[in-house]
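Order of the sequence lines sets the chain letters (A, B, ...), proteins ahead of strands, with each chain counted from 1. What you see is a predicted model; the values in this text were computed from it and never measured.
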Amino acid sequence: MAEKNISSTKLEEVEQGCVLYNLDPIIMKYHYEVDYIHSYAQDSPFFAGLAKGELKGSRCTKCGSTFGTPRSHCMNCGAPTEWMDLPLNGKIHTFTTCYFGGQEFLDETPFTLIMVEWPGVDTFFLSRLVGVAPEDVQIGMEVKARFRRLSQFKPTDVYFVKADV
Amino acid sequence: MAEKNISSTKLEEVEQGCVLYNLDPIIMKYHYEVDYIHSYAQDSPFFAGLAKGELKGSRCTKCGSTFGTPRSHCMNCGAPTEWMDLPLNGKIHTFTTCYFGGQEFLDETPFTLIMVEWPGVDTFFLSRLVGVAPEDVQIGMEVKARFRRLSQFKPTDVYFVKADV
Amino acid sequence: MRPVYMVSGGITKFSKASPNKDFRYMVKESFDSAMADVPDLTLDRIDGSVASYFSDHFTRQLMAGIMVHDYLGLTPKPSRRIESGGATGGMCFQSAWEAIASGRMDVVAAFGFETMSHVNTWKGNEFIALASDTNFDYPVGGFYTGYYAMMVKRHMHEFGTTVEQLAAVSVKNHKNAMHNPYAQFPAELTIQDVLNSEMVSDPLKRLDICVMSDGAATAILASEEMAYKLTDKPIRITGVGTGTDAMRLADRPSREVILLPHENPEDYKNLKYPGVHSFRGGRVAAKEAYKMAKIENPLEELDFVELHDAFTSSEIQTYEDLGLCKYGDGGKFVESGAADLNGKVPVNPSGGLLACGHPVGATGLMQSVFAFWQLQGNVSKHFGGDGALQLKNPKRGLIHSHAGTGTYITVSIMERGF
Amino acid sequence: MRPVYMVSGGITKFSKASPNKDFRYMVKESFDSAMADVPDLTLDRIDGSVASYFSDHFTRQLMAGIMVHDYLGLTPKPSRRIESGGATGGMCFQSAWEAIASGRMDVVAAFGFETMSHVNTWKGNEFIALASDTNFDYPVGGFYTGYYAMMVKRHMHEFGTTVEQLAAVSVKNHKNAMHNPYAQFPAELTIQDVLNSEMVSDPLKRLDICVMSDGAATAILASEEMAYKLTDKPIRITGVGTGTDAMRLADRPSREVILLPHENPEDYKNLKYPGVHSFRGGRVAAKEAYKMAKIENPLEELDFVELHDAFTSSEIQTYEDLGLCKYGDGGKFVESGAADLNGKVPVNPSGGLLACGHPVGATGLMQSVFAFWQLQGNVSKHFGGDGALQLKNPKRGLIHSHAGTGTYITVSIMERGF
Ligand SMILES: [Zn+2]
Ligand SMILES: [Zn+2]
């Protein structure tokens, strides 16, 4: 806490933080920032796996359901799941190429999103497909996982390319 | 949209935006920013008034209720209100001195908040009291409005000091 | 179950930005217009309110719900805020229904708003994307249009749905809106116009997608006794239903189709359901609402539908979820003209989200207001004398509200009570 | 009105941070513990859920409600999220009540959480302050403790309430928590310890204020038929009430006191009400709940109260709102020992928010769980064998949830149904 001259009867004049766009009505710029301390909590082993070139899903310890995107409890019966290794090769269940996006990803467009499917795994995995022209992507296309060398501990640490590249 | 080499099968390696605090579980820093375009809309005349050294409240055109903080519709009968000039002198209805605060205001502590009351005005006005030591502030104390010379179009463009200063 | 009625409704004209009126004032405008339509309904007769808005981020204000309740002069009466993503408006409507059906309140104001103009469109898309899993989905693409694009790609693959069929939805809805003075974006378009519009996320183009809006809407609900006291044209809410699905598209299971009374298991022998091609939550919501409203065959028993067409693809998928046609036949359904203003069951006679705009928290309530006016038979009065969108003597309508990739979906059935 | 019961409850231990379990997992833990207490209650018997959390900002995730519903394995069943500031938990409880009372559902899981550890304490305070008017209030001080400090300053001025009386609340609640293994901050304190703690916003000191927490809670509600099928110790929810007040403290009006059945207008001849010294919303909530539960004199008819003591001052003001004593007598009430564990009406026998913590969306539901265990008479079983907080044969309790400066307040009455 800074020492203040509390007997001054004038509020300091400051100029920061006021950008005025319009006067009638008064329209101002208001900037807001947050720093989050975000824990991946029970999903941490998935992200740690990516850093090691492993792709991990979940298997229910009770009913045996398998999940292509990890979840620590089964969506079918509520029991805890255990980690399982997913194949690095899979198929495209569906896809799209985004030419626009949310602000954070605008400068990465165009990019292609795919849902990866594996035989015997009940659900899918969302990822990016790299190196295939939008017009050449197809449902059913075989793809394989690649991992970033410099892990960022984000789901984009893994991405997919055509299986025969 | 930037031209991209879509035939590359490698995702660019980037290092921005990844601050790791902990590995088990993985805890990361996540930064978020927003720029808002904020309109004071129907309250604009109040903020324009502050820039001219005027303090404006509202008076109901139907039931006559008066409001020490402006509102464009009456909270008692729902009718539109009209602008009214508030006296620049008032009394302290209640107060506190804050030694801590939300992050944005931490470095302004300690500061004293007051509710200003006026005879004949049905509601109050929240403001800061400047130049009075915390132990000297009292309910009922007479105060007067002062205005910042450099308007920021914020409610802090007005503040109060002891009336006899 | 205590019967619940809608007795009035009001909306603001949705617009790209409303710098002269903040969210409180916008709701007040829609509220006052609803109040003005029922002269006997004074402020003191309202027992409480339910507030609907999607996101603290858009509003740059937490607890904005109470600020509106306060601005309307409703303190110290009960209120609460409902949030359910894009389905927030429809859920608010059902929460007000529950407040009355439970016997706790007799007259409830359900109001909603969103002011999406405070940030630019791409930041707005980012906010909306923050409503997808921020561990697994947001960082990969962070774009809801992309998620819907993947869903319809699979729909096209499974069923042969075409981009021309998607475009037909856009043409129909924008055209209906030509006669709706509240619509933000009425237009006479051709299939080709839609196909030629800028590609956003393959196969969805600009004209397949609704825009962001500022706007507000209010629906006033009442118990049977109060409804008939207040108006001689009350509209009864005979069914409410809600369904949900997994947040992550990747988590959607493959099971058997949940059947409606008029359907047969043989219709869907080899269909893995819902996968990513259909909205299971929409089917569950419809099933609950139909059961309550005693609807056996929706196509025959509904006179019109106002559904959540944030994307042209969603409208086609929703025909199927609602049982207006078989799963897979949605594309052909719109192509056939069945959903046209003069078709078998007009869908989005108002112009829908595509043409009216989509100020999230207001949208589901806007649908209730349009449906209410249809059923009261006074569209012309509310549309400045233009009655082109007034259906002939409609008895029963359906409103449908939907959150991101079908995570929350509500269906409510409204019927003439006079 | 269809009777509604609570059949089970579960909570996590509230803590400063929970890096090993995210909000989904925390709720699952509280949900599983509730489910485990009722062996006949399987997942398929739950008709839907209501989610409770305060802020997208704290969660760094929009639509977090559906993610929990999904994680619990409840898709595609109905769900919706309730938000009402600090009263979110209490409002969620009442929304679940409405879902059942309306006849729409038979078994509903009401769950709530908050993860406040993702930002530092002062940023957290800033988030909370963004739940005050961002045009007029936030920029001037931006600090809810400051707003409450102004309220109690006026209370002290009107009624002679003392800082020692405030401190007595802190001493009582922290002491009760010594026997509550779920509490985040149990402590044996003296009045002097509280008075000596660091001044935050005059007259409120560190030990007058609850801390921020991570935590989750689940309450499972059921219709009469299902309740008696599932448990032989159901607890009936005999009254629900909600009140509100203006968002800006400056806007609070001066009117006549809203009277409870046992009060006289002469008691308050010269009192301007509520001004900023009292919570009108609390009085309105109590009045509605008492009427429904047929309570005429709360002090005589309630066996205990779990109320929202985010600040010691709020507890004193709330005694008065609830009619446990006259307006102005709250300070003397705590001083007299009437609110002690062995007093006339034990208030916050659990330790309250002051000692248990306040993970906003979970708090109101946590109260329902503590009240539920009290009424079932099995506190000892849930508190690891320590039965010190178990009241003797309590028949009826009150839970009270409260949002910033009393903008939303809920009161619910719970009674033994066996
Ligand atoms: Zn399982
Ligand atoms: Zn008035």
Handout entry: Aromatic plane relationship, A:F124 with A:H93 - under 30° parallel, 30 to 60° tilted, over 60° perpendicular
Key = parallel
Practice task
May I ask you to name which of C:D251, C:T145, C:N125 has the most heavy-atom pairs under 4.5 Å with chain A?
Solution key: C:D251
Problem - Most chain C-contacting option - heavy-atom pairs closer than 4.5 Å, from A:T97, A:V116, A:D122 - result: A:T97
Handout entry: C:F127 and C:F58 aromatic centres sub-6.0 Å
Key = yes
Exercise for the section: Flag the pair C:Y268 / C:Y327 as yes when their ring centroid distance falls below 6.0 Å, and as no otherwise. Expected result: yes
Handout entry: Distance (rounded to the nearest 0.5 Å) between C:Q184 CD and C:K13 NZ
Key = 7.5 Å
Handout entry: Donor + acceptor pair across side chains of C:D214, C:S117 (<3.5 Å)
Key = yes
Exercise for the section: Tell me, out of A:L126, A:N22, A:T156, who's got the most heavy-atom pairs with chain C below 4.5 Å. Expected result: A:L126
Handout entry: chain C contact via A:I114 - side chain, backbone, both or neither, heavy atoms under 4.5 Å
Key = backbone
Problem - Interface moiety of C:L249 toward chain A, non-hydrogen atoms closer than 4.5 Å - result: both
Fill in the blank from the handout: Interface check, chain C: of A:Y32, A:F111, A:Y159, A:F67, most non-hydrogen pairs under 4.5 Å belong to A:F111
Exercise for the section: Could you tell me which of C:M151, C:M150, C:E126 has the largest number of non-hydrogen atom pairs under 4.5 Å with chain A? Expected result: C:M150
Practice task
Against chain C, label A:I27 side chain, backbone, both or neither, depending on which of its atoms sit under 4.5 Å from a heavy atom there.
Solution key: side chain
Handout entry: Any residue meeting side chain to side chain donor-acceptor pair (under 3.5 Å) with C:E315, in chain and number order, not counting sequence neighbours
Key = C:K172, C:N173, C:Y319, C:N348
Handout entry: Under 3.5 Å side-chain donor-acceptor pair for C:Y408 and C:D245
Key = no
Practice task
May I ask you to check whether C:F113 and C:Y53 place their ring centers less than 6.0 Å from one another?
Solution key: yes
Problem - Among A:G140, A:S65, A:G101, residue most engaged with chain C (heavy-atom pairs, under 4.5 Å) - result: A:G101
Practice task
Check the side chains of C:H155 and C:E320 for a donor-acceptor pair under 3.5 angstrom, ignoring hydrogens and angles.
Solution key: yes
Problem - Heavy-atom contact with chain C under 4.5 Å, split by part of A:T112 - result: neither
Handout entry: Donor-acceptor side-chain pairing of A:R71 and A:T123 below 3.5 angstrom
Key = no
Practice task
Assess the side chains of C:S132 and C:Y147: does a donor N or O sit below 3.5 Å from an acceptor N or O?
Solution key: yes
Fill in the blank from the handout: When the 4.5 angstrom heavy-atom criterion is applied to C:N120 and chain A, the contacting part is side chain
Exercise for the section: Can you tell which part of A:F95 gets under 4.5 Å to a heavy atom of chain C, answering side chain, backbone, both or neither? Expected result: both
Problem - Neighbours of chain A found in residues 16-26 of chain C - heavy atoms under 4.5 Å - result: C:P19, C:N20
Problem - Lys/Arg cation over aromatic C:F136: C:R248, 6.0 Å, 45° cone - result: yes
